[in-house]
There are 2 protein chains.
Amino acid sequence: MACEKIFIRELHQRGLRLTPQREMVLSALHEAKGFETAEEIYERVRRLSASVDISTIYRTLDLLHHMGFVASVDAGDGQARFALTALQEPHVHLVCQGCGRIVGVPIHEVEPLLQALRARYGFEADLDDVTLYGLCENCRGSSPSAR
Amino acid sequence: MACEKIFIRELHQRGLRLTPQREMVLSALHEAKGFETAEEIYERVRRLSASVDISTIYRTLDLLHHMGFVASVDAGDGQARFALTALQEPHVHLVCQGCGRIVGVPIHEVEPLLQALRARYGFEADLDDVTLYGLCENCRGSSPSAR
DNA sequence: CTTTTTGTTGCAACTGGTTGCAAGATACCA
DNA sequence: TGGTATCTTGCAACCAGTTGCAACAAAAAG
Ligand SMILES: [Mn+2]
Ligand SMILES: [Mn+2]
Ligand SMILES: [Zn+2]
Ligand SMILES: [Zn+2]
């Protein structure tokens, strides 16, 4: 867990504190392979300590998201999903409405759009939190499969 | 209200019914100048009939959205906002995090991005529901004003 | 006009997520 | 080491929005 060192340093820089709860959430995110719901991450943390509250999970995921360690994607089914992105280039997320798969697109692919919005509308877009919905290559041809 | 005729025709085409509640929501949306929350639209409808339930407002806004009459924008403050878009070209919405203003961008401005996603990722994006966050021209220079 | 069909509504319960607050814990310093 | 300032937590209440369901009402048929 190389990012724990970085995490602690960034916490200190912001005058925030390292707590067992924050360590457990970070650890749970390392266990998880891909995107998981807050409830799934909560279950992982409970295996480490039963007394943690779900609101602490949400608060910690939000903190990690704002620190750039975690991507948060609203998959359109009423539950957000979270995954570690530590050290990766920030990206836009594509959610397939057929199969539910989430793909990250490096933000430089979107640079032309950013420039156009800046030039035409004077708008400086922050693409850290953007999610686009549609159909992936697999799901485009075939009949839409259940999620 | 030119769109009421179209609304009735489209309802019939889908085997759905015209109800007083649906007429009142459409009328409330015509009264509203710009984007309003469900609660604000609910208040407008209540002035016409006190017994309508807020769940009916949500269900009707959702229906109108799916029929393409209404744009729905998550302004990032925990409340969605709705506005009539009848007959307009579909567009992406820009939300300024400084002043809260919502601007519509015609979808053809975003066409190059769509093509890139199609070519590079095989992903067919549906941009009807996209909202981008950032800072508008006014709010970029000055210190961020309260919403 | 009456009946029948089927879509719609109000209501209450529920969902994922947020928030105010007092108790508890961390970091820092004497 | 103990004391203090301040951050964080668990908890319970709350929020916007959704949903199951039985009563109701629009449309169509007779
Ligand atoms: Mn956040
Ligand atoms: Mn619009
Ligand atoms: Zn797919
Ligand atoms: Zn602004």
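Proteins come first, then strands; the chains are lettered A, B, ... in the order of their sequence lines, and each starts at number 1.
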List, with names and distances, any nitrogen or oxygen atoms from the protein found under 3.5 Å away from nitrogen or oxygen atoms belonging to nucleotides 16-20 of chain C.
| from | atom 1 | to | atom 2 | distance (Å) |
| --- | --- | --- | --- | --- |
| C/dG16 | O3' | A/Gly78 | O | 3.3 |
| C/dG17 | OP1 | A/Ala80 | N | 2.7 |
| C/dG17 | OP2 | A/Tyr58 | OH | 2.4 |
| C/dG17 | O5' | A/Tyr58 | OH | 3.3 |
| C/dG20 | O6 | A/Arg59 | NH1 | 3.4 |

Only counting residues at least two apart or in another chain, list the ones meeting salt bridge (Lys or Arg N to Asp or Glu O under 4.0 Å) with [X].
X: B/Arg44; answer: B/Glu31, B/Glu36
X: B/Glu10; answer: B/Arg14
X: A/Arg120; answer: B/Glu109
X: B/Arg17; answer: none

Open item on the list: Checking B/Thr56 now: which residues fulfil side-chain contact (heavy atoms from CB on, under 4.5 Å) with it, not counting sequence neighbours?
Closed with: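 side-chain contact (heavy atoms from CB on, under 4.5 Å) check on B/Thr56 returns B/Gln21, B/Val52, B/Asp53, B/Arg59, B/Thr60.
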TODO: Apply side chain to side chain donor-acceptor pair (under 3.5 Å) to A/Tyr58 and list each qualifying residue two or more places apart in sequence or on a separate chain.
DONE: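 Per chain and number, A/Tyr58 pairs via side chain to side chain donor-acceptor pair (under 3.5 Å) with no residue.
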Once you round it to whole Å, what is the distance between [atom2] of [N] and [atom1] of [X]?
X: A/Arg22; N: D/dG10; atom1: CZ; atom2: C1'; answer: 14 Å
X: B/Leu61; N: D/dT19; atom1: CG; atom2: P; answer: 15 Å
X: A/Gln13; N: D/dC7; atom1: CD; atom2: C1'; answer: 17 Å
X: A/Arg14; N: D/dT8; atom1: CZ; atom2: P; answer: 11 Å
X: B/Ile57; N: D/dT19; atom1: CD1; atom2: C1'; answer: 17 Å
X: A/Asp74; N: D/dG17; atom1: CG; atom2: P; answer: 13 Å
X: B/Ile41; N: D/dG17; atom1: CD1; atom2: P; answer: 10 Å
X: A/Tyr42; N: D/dT9; atom1: OH; atom2: P; answer: 14 Å

Open item on the list: Measuring centre to centre across the rings, with the benzene-like ring taken for any Trp, is A/Phe82 within less than 6.0 Å of A/Phe35?
Closed with: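 Judged by ring-centre distance (under 6.0 Å), A/Phe82 and A/Phe35 do not meet the cut-off.
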Task: Qualifying ring pair (Phe, Tyr, Trp, His ring centres under 6.0 Å) pairs with a residue from residues 95-118 of chain B, counting only residues at least two apart or across chains - done: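 Checked against ring pair (Phe, Tyr, Trp, His ring centres under 6.0 Å) - neighbours excluded - no pair reaches residues 95-118 of chain B.
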Pick out the pairs of N or O atoms, protein on one side and nucleotides 27-30 of chain C on the other, that lie under 3.5 Å.
| from | atom 1 | to | atom 2 | distance (Å) |
| --- | --- | --- | --- | --- |
| C/dA27 | OP1 | A/Leu18 | N | 3.2 |

Task: Ion pair A/Glu39/A/Arg46, N-O distance below 4.0 Å - done: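 A/Arg46 and A/Glu39: not salt-bridged.
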